[in-house]
Amino acid sequence: MADMRLIVVGAAGRMGKTLIRTIAGMDGVTVAGAVERSGSPEIGRDAGVLAGLEPLGVTVTDDPLPLFAAAEGVLDFTGPAATLEFAELAAQARIVHVIGTTGLSDADNDRIRAAARHAVVVKSGNMSLGVNLLALLVRQAARALDADFDIEVVEMHHRMKVDAPSGTALMLGEAAARGRGIDLGDHAVRSRDGHTGARRRGDIGFATLRGGTVIGEHAVVLAGEFERVELVHKAEDRSIFARGAVKAALWGRGRKPGLYSMADVLGLSDD
Ligand SMILES: NC(=O)C1=CN([C@@H]2O[C@H](COP(=O)(O)OP(=O)(O)OC[C@H]3O[C@@H](n4cnc5c(N)ncnc54)[C@H](OP(=O)(O)O)[C@@H]3O)[C@@H](O)[C@H]2O)C=CC1
Ligand SMILES: O=C(O)C1=N[C@H](C(=O)O)C[C@H](O)C1
């Protein structure tokens, strides 16, 4: 089978550059296009050079339309507004849309769900194998330990991260809520400040740390009386997310339209 032709949007970003390097180093996929926002100083540069490689013969552009018409998949780690635009374009072109972007609102997710009626969309707050396994373990732990064990999700990321709690933290909170058979929306405590009162039984708390160059660290703490279980993941390189995204694109090739998760791709769904 011919290589899968993939577009990287947000090509000059931390993940964009990692994706270009990852695709260039993998069999079965090729960089078919690189998109940045209009006005970016990187427009017109070679995508390989942008990512610290030899030239790939792919020029960074701010015009996604012709690229979407000629590619099979798009890898999207940008921001919510851009991701909604790319979701519409991917749906029109019927190409696989892999969404790593976090910080999406409920309304954004509704629009992505609508786009997934026409194209394969794989969306996850974390594309790494380790975090998706962690989510499964969290769900099992939350199910096994009742509400005598208080659940807190703690995350730390680099100083440039713009959304909180992280997409991964919310995904882990969701896994815990599903394990408990409760709705996260009714039990999430996303920040605490001042005289908060005692902790409500069954709540799922989130704590956010930002600083330095931390790629991404997550811990789920289940704190009971006189004992505590901690489930932890530490990302050491962004290539774990990029490899997951490419795997998701290849998995989505030829599949019927729909909204899928990384757990589907990795065969980790335990429904
Ligand atoms: N699911 C996962 O596994 C992971 C998800 N993420 C998520 O991915 C997203 C990006 O992270 P990161 O790479 O660190 O962020 P960056 O800010 O480094 O990269 C985002 C890039 O997208 C560009 N961009 C914004 N709007 C457009 C547009 N309309 N068209 C083309 N490009 C655009 C930005 O340009 P400009 O700077 O000019 O705005 C920037 O270059 C975040 O939401 C993050 O949380 C990150 C890692 C893993
Ligand atoms: O912005 C990041 O960097 C990351 N974002 C994702 C998130 O919000 O969980 C995934 C990863 O932790 C890195």
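Counting starts at 1 for both ligands and their atoms, in listed order.
The shortest N or O to N or O distance between Ala82 and ligand 1 is not under 3.5 Å. Where the criterion is an N or O separation shorter than 3.5 Å, residue side chain and backbone included, Gly125 meets it with respect to ligand 1. By the 3.5 Å distance cut-off applied to N or O atoms, Ser128 is not counted among the residues near ligand 1. Residue-to-ligand polar distances keep His158 apart from ligand 1: every N/O pair is separated by 3.5 Å or more. Taking only nitrogen or oxygen atoms, main chain and side chain alike, Arg238 does not reach within less than 3.5 Å of ligand 1. Between Val9 and ligand 1, a contact under 3.5 Å exists for no N or O pair. At a 3.5 angstrom cut-off on N or O pairs, Lys161 counts as close to ligand 1. Remark: ligand 1 and Arg14 share an N or O pair separated by less than 3.5 Å (distance only, no angle test).
Figure legend: Arg255 and Trp251 shown as a cation-pi pair, the cationic atom lying under 6.0 angstrom from the six-membered ring centre and within 45 degrees of its axis.
Taking 4.0 Å as the cut-off between side-chain N and carboxylate O, Glu36 and Arg45 do not count as a salt-bridged pair. The residues Arg228 and Glu230 are annotated as salt-bridged, a charged nitrogen and a carboxylate oxygen being separated by less than 4.0 angstrom. In summary, Arg199 and Glu152 engage in a salt bridge, as defined by a charged side-chain N under 4.0 Å from a carboxylate O. Electrostatic pairing of Arg111 and Glu88 counts as a salt bridge here, judged by a charged N lying under 4.0 Å from a carboxylate O. In summary, Asp148 and Arg201 engage in a salt bridge, as defined by a charged side-chain N under 4.0 Å from a carboxylate O.
Residue His158 places a heavy atom under 4.0 Å from ligand 2. Taking 4.0 Å as the cut-off, Ser124 counts as a neighbour of ligand 1 on heavy-atom distance. Assignment of Gly79 to the shell around ligand 1 is not supported, since no heavy atom sits closer than 4.0 Å. Ligand 2 is approached by Ile215 to a heavy-atom distance shorter than 4.0 Å.
If you look at Thr102 next to ligand 2, the close heavy atoms, those under 4.0 Å, all belong to the side chain. The side chain of His218, and not its backbone, has at least one atom closer than 4.0 Å to an atom of ligand 2 (non-hydrogen atoms only; side chain from C-beta on). Contacts of Arg14 with ligand 2, taken as heavy-atom pairs under 4.0 Å, are absent altogether. Here His157 has side-chain heavy atoms under 4.0 Å from ligand 2, and that is the only part of it that gets that close.
Between Val131, Thr78, Thr61, Leu84, it is Thr78 that holds the heavy atom closest to atom 42 (C) of ligand 1. The nearest non-hydrogen atom to atom 6 (C) of ligand 2, considering only Gly125, Ser128, Gly216, Gly167, comes from Gly125. Looking at Thr102, Leu19, Val8 and measuring to atom 43 (O) of ligand 1, the nearest heavy atom belongs to Thr102.
Looking only at atom types and distance, the side chain of Ser239 has no donor-acceptor partner in the side chain of Thr22 under 3.5 Å away. Inspection of the Thr61 and Asp63 side chains reveals no N or O donor paired with an N or O acceptor under 3.5 Å. Side chains of His218 and Ser166: a donor on one and an acceptor on the other come within 3.5 Å. Side-chain N/O atoms of Asn126 and Ser124 include no donor and acceptor closer than 3.5 Å.
Side-chain N or O atoms of Arg21 include none that pairs as donor or acceptor with a backbone N or O of Gly52 at under 3.5 Å.
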**OP:** Test salt bridge (charged side-chain N to carboxylate O under 4.0 Å, His left out) on Asp163 and Lys161 and set out the steps.
**Re:** CA-CA 6 Å; Asp163 56 307; Lys161 185 161 177 63; 2.9 Å; yes
Original post:
What do the steps show when you test His157 against Glu155 for side chain to side chain contact (heavy atoms under 4.5 Å, CB included), and what is the final call?
Top reply: CA-CA 7 Å; His157 283 85; Glu155 55 113 333; 2.7 Å; yes
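Shortest contact from atom 5 (N) of ligand 2 to any protein heavy atom: Lys161 NZ, 3.2 Å. Counting protein heavy atoms only, atom 5 (C) of ligand 1 is closest to Gly100 O, 3.0 Å. If you check which protein heavy atom lies closest to atom 9 (O) of ligand 2, you get Thr168 OG1, 2.5 Å.
Proximity of atom 14 (O) of ligand 1 to the protein is indicated by at least one non-hydrogen atom lying closer than 4.0 angstrom.
Of all atoms in ligand 2, listed by their number and element, those nearer than 4.0 Å to a heavy atom of Ser166 are 7 (C), 8 (O), 9 (O).
If you run side-chain contact (heavy atoms from CB on, under 4.5 Å) between Met171 and each of Thr102, Leu134, Val131, only Val131 comes through.
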